[in-house]
2 protein chains.
Amino acid sequence: MSTSRSKPKAGRTTRSADAGTVAATKPSKIAASRTVASKPLSGRAAKAAERRAAIVAAGLDEFVARGFAATRLDDVAKRAGVAKGTIYLYFTDKEALFQELVRYALVPLIERMSAPPAAGGSARAMLEGFAEGFVRDVVQTRRGDILRLIIAEGARFPSLSEFYYREVVARGMAGMRQLIEYGIARGEIHNPALLQFPQLLVAPAMVAVIWQGLFARLSPLDAMAMLQVHIDLIFGERRTA
Amino acid sequence: MSTSRSKPKAGRTTRSADAGTVAATKPSKIAASRTVASKPLSGRAAKAAERRAAIVAAGLDEFVARGFAATRLDDVAKRAGVAKGTIYLYFTDKEALFQELVRYALVPLIERMSAPPAAGGSARAMLEGFAEGFVRDVVQTRRGDILRLIIAEGARFPSLSEFYYREVVARGMAGMRQLIEYGIARGEIHNPALLQFPQLLVAPAMVAVIWQGLFARLSPLDAMAMLQVHIDLIFGERRTA
DNA sequence: TGATTATGACTGACTGGTCAGTCATACTTT
DNA sequence: AAAGTATGACTGACCAGTCAGTCATAATCA
């Protein structure tokens with residue numbers, strides 16, 4: 001049982017059937033955007049993509065602010081400048097919107113996690129670069145909200161946490177592991193046991209995200225400074241910061 | 001309209017004023033000893049406390065499983081073996097139940113955080129003891145669920161995150177800071193910058209809690225082993241595990 | 001002590017408002 | 001005109017919170 005109400009699912013006409021049935025895997029057929037330019041993008045398709053994007057953006061704001069159960073589709077519609085019925089032209093139901101939206105919002109993070117760690121210099125420099133980017137692009141942005149949203153709702157949407165694990169966590173862990181190996185090979189990292197728990201490299205980053213959401217107003221946190229100290233810890237002593 | 005309720009007997013009068021944290025105060029003298037063999041028929045106060053506890057326990061289960069908004073008070077009542085109206089004899093409304101319940105559940109954690117770190121040995125031993133206790137009493141228990149609940153709902157209940165910050169986080173940070181100072185004094189910890197970010201000591205513990213809730217089924221985590229590696233990191237250990 | 005009355009804890013049917021999802025109608029584009 | 005798209009009033013389930021009435025228990029009385 002999901003958190004939403006169960007509906008009787010009365011017989012329905014075949015009309016709006018599969019607006020977004022694919023939810024499970026592909027991002028979507030319509031929204032894909034111009035990249036797969038099979039058509040010259042008639043005004044219609046463009047408008048559809050726009051509408052879809054507006055709904056997603058509005059949904060993101062609302063879901064982040066109120067959580068899944070407390071979000072009203074009426075509000076999403078209003079924020080998107082669209083009638084409620086329109087949402088159902090693009091998404092089969094509230095849950096589909098939610099899941100697709102989170103997955104869509106995760107794409108940049110997935111790309112970041114999949115990108116090669118820009119090898120070359122020291123492992124330390126690589127980790128520092130990663131931390132810097134994370135603070136800049138995640139901790140202090142909407143992306144952080146999404147992470148918090150997943151932490152909050154993930155347990156109630158198994159397929160979502162699975163997706164997140166597969167696409168973000170697993171990749172991130174693999175990347176971190178690589179970095180650790182590299183660091184060990186270069187003699188920068190001395191504890192090979194770290195390889196078993198790459199989570200330890202990113203744990204402070206997670207804490208920074210959570211802190212930002214819960215306690216920032218009570219006690220601001222200089223995330224970058226914290227990560228810097230953490231990195232010092234990983235690589236052993238270093239000059240006074 | 002019509003029928004059913006006849007008898008315009010305006011009985012009602014006062015209702016239990018507040019139902020605040022007290023509710024069941026002093027049973028005076030009676031109660032306690034009145035216990036009869038198998039039937040726990042003690043005084044009213046005892047029964048009231050029991051009922052209250054049942055509601056709190058039921059609420060904890062439900063809120064943890066579904067989150068605040070999606071939890072139905074009907075379900076809480078059913079689980080507690082009580083009528084819905086009864087809940088309102090003890091708590092003013094859903095939110096009051098939620099907040100009181102979380103605070104109540106936090107008490108053991110608060111005590112743990114306030115307890116003196118059992119000084120004497122090495123800072124490392126102290127941290128190890130802390131980690132062990134945390135894994136045993138939090139990560140793998142209901143208490144972990146509560147932490148996750150706070151992370152999930154905290155942003156929507158400012159007074160709750162404030163309470164949590166004041167009673168748990170602030171104390172925990174103070175304790176960690178003390179421990180770090182002690183470690184520095186003993187020459188076990190070499191990076192004084194840690195004092196500015198005691199969060200770093202507990203970050204992996206937080207990650208363990210979150211992991212347990214979201215990914216345990218996909219990829220089990222040996223929390224204690226992870227914390228051990230983390231501790232090695234803090235204290236600059238480097239011998240091959 | 002047993003009988004009678006007072007108390008207030010407890011109940012659950014009910015109300016009023018909310019909201020996900022539908023669909024007849026209207027509007028646009030081709 | 002046909003096909004596709006958008007609308008928003010509407011429906012029906014749903015649920016927090018209420019309250020008139022019940023009944024176990026305590027308090028008082030005979």
Side-chain angles (χ1 to χ4, degrees), chain A residues 2-17 19 30 39-40 42-52 54-55 62 66 68-78 80-98, chain B residues 1-17 19 23-24 27-31 34 36 39 41-52 54-55 59 62 66 68-78 80-98:
Chain A
S2 73
T3 49
S4 66
R5 306 169 210 266
S6 53
K7 57 205 171 169
K9 191 82 159 223
R12 47 188 357 227
T13 56
T14 48
R15 200 163 84 76
S16 66
I30 309 173
K39 287 179 190 171
S42 68
R44 213 173 220 176
K47 209 165 160 194
E50 230 168 71
R51 274 220 169 352
R52 195 187 170 83
I55 293 169
E62 293 290 330
R66 317 174 115 77
F68 176 79
T71 289
R72 292 177 291 263
L73 251 26
D74 276 307
D75 289 348
V76 174
K78 198 191 302 182
V82 145
K84 182 160 65 154
T86 305
I87 293 176
Y88 287 87
L89 297 177
Y90 294 91
F91 304 92
T92 52
D93 61 11
K94 189 184 179 183
E95 190 171 325
L97 167 61
F98 176 67
Chain B
M1 289 277 74
S2 75
T3 74
S4 31
R5 276 2 27 152
S6 41
K7 270 299 182 121
K9 182 73 178 288
R12 225 47 204 97
T13 71
T14 48
R15 70 194 295 99
S16 64
S28 276
K29 49 202 173 171
I30 38 168
R34 184 56 63 82
V36 180
K39 271 289 180 72
L41 276 184
S42 8
R44 298 238 264 233
K47 211 164 159 194
E50 231 170 69
R51 275 228 164 1
R52 195 189 171 80
I55 293 169
E62 293 289 330
R66 320 174 112 78
F68 176 80
T71 290
R72 290 176 292 260
L73 251 24
D74 276 306
D75 290 348
V76 174
K78 198 188 305 179
V82 144
K84 183 159 64 154
T86 304
I87 293 176
Y88 288 89
L89 298 176
Y90 294 90
F91 304 92
T92 53
D93 60 12
K94 189 184 182 184
E95 187 171 329
L97 168 61
F98 176 67

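Within every chain, numbering begins at 1; the chains are lettered A, B, ... in the order of the sequence lines, protein sequences first and strands thereafter. Predicted model, so just to flag it, every value in this text is computed and none were measured.
- Of the candidate nucleotides D:dG17, D:dT7, C:dT11, C:dT11 has the atom nearest to the side chain of B:Leu89.
- Rounded to whole Å, the distance from CD1 on B:Ile87 to P on C:dA9 is 16 Å.
- Residues satisfying the side chain to side chain donor-acceptor pair (under 3.5 Å) test with B:Asp74, not counting sequence neighbours, are none.
- Note: OH (B:Tyr90) to C1' (C:dT11) measures 13 Å, nearest angstrom.
- Put simply, A:Arg51 has no side-chain N or O that comes within less than 4.0 Å of OP1 or OP2 on D:dG4.
- Side-chain to base pairing of B:Lys47 with C:dA9: no donor and acceptor N or O lie closer than 3.5 Å to each other.
- Residues B:Leu73 and B:Tyr88 approach most closely at CD2-OH, 3.3 Å, considering heavy atoms.
- One interatomic measurement links the two molecules: CG of A:Asp74 to P of C:dA20, which rounds to 7 Å at whole-angstrom precision.
- Taking atom CG on B:Asp93 and atom P on D:dC15, their separation rounds to 17 Å, with Å as the unit.
- Backbone-only engagement by B:Lys94 is indicated by non-hydrogen atom pairs under 4.0 Å involving sugar-phosphate atoms exclusively.
- When rounded to the nearest whole Å, the span between CG of B:Asp75 and P of D:dC15 equals 8 Å.
- The NZ-P distance, from B:Lys84 to C:dA13, rounds to 11 Å in whole Å.
- The only member of B:Ile87, B:Thr86, B:Thr92 that meets side-chain contact (heavy atoms from CB on, under 4.5 Å) when paired with B:Tyr90 is B:Thr86.
- For A:Leu73, counting side-chain heavy atoms from C-beta on, the closest listed nucleotide (D:dA6, C:dT11, C:dA20) is C:dA20.
- In this entry the distance linking CD of A:Glu50 with C1' of D:dA6 reads 15 Å, nearest Å.
- Atom CZ of B:Phe91 and atom P of D:dG17 are 13 Å apart (whole Å).
- At least one side-chain heavy atom of B:Phe91 sits under 4.5 Å from a side-chain heavy atom of B:Ile55.
- Annotation: side-chain contact (heavy atoms from CB on, under 4.5 Å) contacts of A:Ala70 (sequence neighbours excluded): A:Arg66, B:Ala69.
- Applying the 4.0 Å criterion to OP1 and OP2 of C:dT18, one finds that A:Arg72 has every side-chain N and O outside that range.
- The side chain of B:Tyr88 lies closest to D:dA16, out of C:dA20, D:dG8, D:dA16.
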